Protein chains: 2
Amino acid sequence: MTKFINQKNDIINKLRGSGLRPTKQRILIAKNLFENNRTFHFTIDSLNKKISKKGNEKISLATIYNTVEAFTEAGYLKEILTSKNKSYYDTNIKSHHHFYDEGTKELTDINYNQVKLSKVPMAPKGKKIKNLEVVIRIQK
Amino acid sequence: MTKFINQKNDIINKLRGSGLRPTKQRILIAKNLFENNRTFHFTIDSLNKKISKKGNEKISLATIYNTVEAFTEAGYLKEILTSKNKSYYDTNIKSHHHFYDEGTKELTDINYNQVKLSKVPMAPKGKKIKNLEVVIRIQK
DNA sequence: TTCTAGTTTATAATTATTCTAAACTAGAAA
DNA sequence: TTTCTAGTTTAGAATAATTATAAACTAGAA
Ligand SMILES: [Mn+2]
Ligand SMILES: [Mn+2]
Ligand SMILES: [Zn+2]
Ligand SMILES: [Zn+2]
């Protein structure tokens, strides 16, 4: 009970800390994204479905888009670009890599230390490296 | 002159070799993609514009989509997935990596030997690795 | 030359995403 | 507490990329 309250307070503080008002909708989305310890990958559509079940009050699709974008900008989510025509997001914000299964279209994490790069090019002059990601495409 | 004819024959043979009829449209698209030695990245839209100039007979957008897909399946093009909401293609089909500039949204090749991986995870059981790509996102 | 499977085309349909502008609300201030 | 307003949510429209449809065309075998 205390734990539950604290979790909710944590979320509220997290939001406030990024200048985001802790609205009912944002709190509910944050619960669905961050309340269990395990991280996962999702799309707007899968998140929307996840929230729609459980008899929650409905959140409009526009709000889900807005909130996921806001959370991404705040650094609570990472956007993963591996797939055509659809954006994937990741609640694992640590630097890491991915398997992308072309059959099932599923992403799986590869721990950062499972990949070692012994040579990496410098950024072109005037530019700096924002991140480096390895994607390993797999299939049956 | 002889060279020109041979180039066109090369294209026709290339297409036939993949079970693709060498139609006027496919030959024109192939010329625009493969006739000069340097490789490049493009989108459907940029390819369409490139062909529309030069006073070529117009090719319908649907045919450009169909042809690019057919060429990709035939292995003449590689699809690059780095960008939200738009597909990029590459006439460089050798294994290589990319810089992606988040400001200009431009792709630049990184030679295969400019990146060295000293450790790579195994594919999950039952799956095999189709390719591995490094994307380095850069910005000002 | 004929014939037909494969191809092209204009256009409609679909899908993901973004925009709009009106209604609502968190929370600071009175 | 109540008032006020900037920030937020919302339904629905708009946009953009892509895919589907189905009628007209054509490469090339026979
Ligand atoms: Mn899209
Ligand atoms: Mn799309
Ligand atoms: Zn991940
Ligand atoms: Zn390339």
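Here the structure is a predicted model, which means the values were calculated and not measured. Residue numbers start from 1 in every chain, and the chains themselves are labelled A, B, ... in the order their sequence lines are given, proteins ahead of strands.
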Problem - Pairing of B:Arg137 and A:Glu133 as salt bridge, 4.0 angstrom limit - result: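 Result for this pair is no, no salt bridge flagged.
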Practice task
Indicate yes or no: does B:Glu79 engage A:Lys84 in a salt bridge with an N to O separation below 4.0 Å.
Solution key: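 Looking at A:Lys84 together with B:Glu79, the answer is yes, because their closest N to O distance falls below 4.0 Å.
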Rounding to an integer number of Å, can you tell me how far [X] [atom1] sits from [N] [atom2]?
X: B:Leu61; N: C:dA10; atom1: CG; atom2: C1'; value: 11 Å
X: B:Ile12; N: D:dG28; atom1: CD1; atom2: C1'; value: 13 Å
X: B:Asn66; N: D:dT19; atom1: CG; atom2: P; value: 10 Å
X: A:Ile44; N: C:dT15; atom1: CD1; atom2: C1'; value: 14 Å
X: B:Leu20; N: D:dT26; atom1: CG; atom2: P; value: 19 Å
X: A:Tyr88; N: C:dT15; atom1: OH; atom2: C1'; value: 14 Å
X: B:Tyr65; N: D:dT21; atom1: OH; atom2: P; value: 17 Å
X: B:Lys105; N: D:dA17; atom1: NZ; atom2: C1'; value: 14 Å

Handout entry: Contacts of type side-chain contact (heavy atoms from CB on, under 4.5 Å), residue A:Ala62, not counting sequence neighbours
Key =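 With neighbours one apart ignored, the set is A:Ser60.
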Exercise for the section: Check whether any side-chain N or O of B:Thr23 sits under 4.0 Å from OP1 or OP2 of C:dG6, and answer yes or no. Expected result: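 B:Thr23 to C:dG6 OP1/OP2: no side-chain N or O under 4.0 Å.
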Handout entry: Presence of B:Ser87 side-chain N/O under 4.0 Å of D:dT18 phosphate oxygens OP1/OP2
Key =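 Checking D:dT18 against B:Ser87, a side-chain N or O does come within under 4.0 Å of OP1 or OP2.
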Closest nucleotide among [options] to the [X] side chain:
X: A:Gln25; options: C:dT9, D:dT9, D:dT18; result: D:dT9
X: B:Ser60; options: D:dA27, C:dT9, D:dT10; result: C:dT9
X: A:Arg26; options: C:dT9, C:dT17, D:dT9; result: D:dT9
X: A:Pro22; options: C:dT18, C:dA26, D:dT9; result: C:dA26
X: A:Arg21; options: D:dT10, C:dA10, D:dA6; result: D:dA6

Problem - B:Ala62 vs B:Lys84, nearer the 5' end of DNA chain C by closest nucleotide - result: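 Its nearest nucleotide being more 5', the pick is B:Ala62.
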Practice task
Working to the nearest 0.5 Å, report the span between CD1 of A:Ile110 and CZ of A:Phe99.
Solution key: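 Nearest 0.5 Å value for the CD1-CZ distance: 4.0 Å.
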Exercise for the section: Please work out if A:Thr63 contacts a base, only the sugar-phosphate, or nothing of the nucleic acid, heavy-atom cut-off 4.0 Å. Expected result: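 Base contact - A:Thr63 has a heavy atom under 4.0 Å of at least one base atom.
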Practice task
Indicate whether any N or O donor in one side chain lies under 3.5 Å from an N or O acceptor in the other, for B:Asp109 and B:His41.
Solution key: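 On atom types as modelled, these side chains qualify, holding a pair under 3.5 Å.
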Handout entry: Distance-only polar pair, side chains of A:Lys54 and A:Asn32, donor-acceptor under 3.5 Å
Key =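 A:Lys54 vs A:Asn32: donor-acceptor pair found between side chains.
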Exercise for the section: Quick one: do A:Asp45 and A:Lys49 satisfy salt bridge (Lys or Arg N to Asp or Glu O under 4.0 Å)? Show the steps, please. Expected result: CA-CA 6 Å; A:Asp45 186 57; A:Lys49 281 183 176 124; 2.8 Å; yes
Problem - Watson-Crick or G-U stems of DNA chain D, 3 or more pairs, under 3.5 Å, by first number - result: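 Runs of three or more consecutive pairs: C:1-30 with D:1-30.
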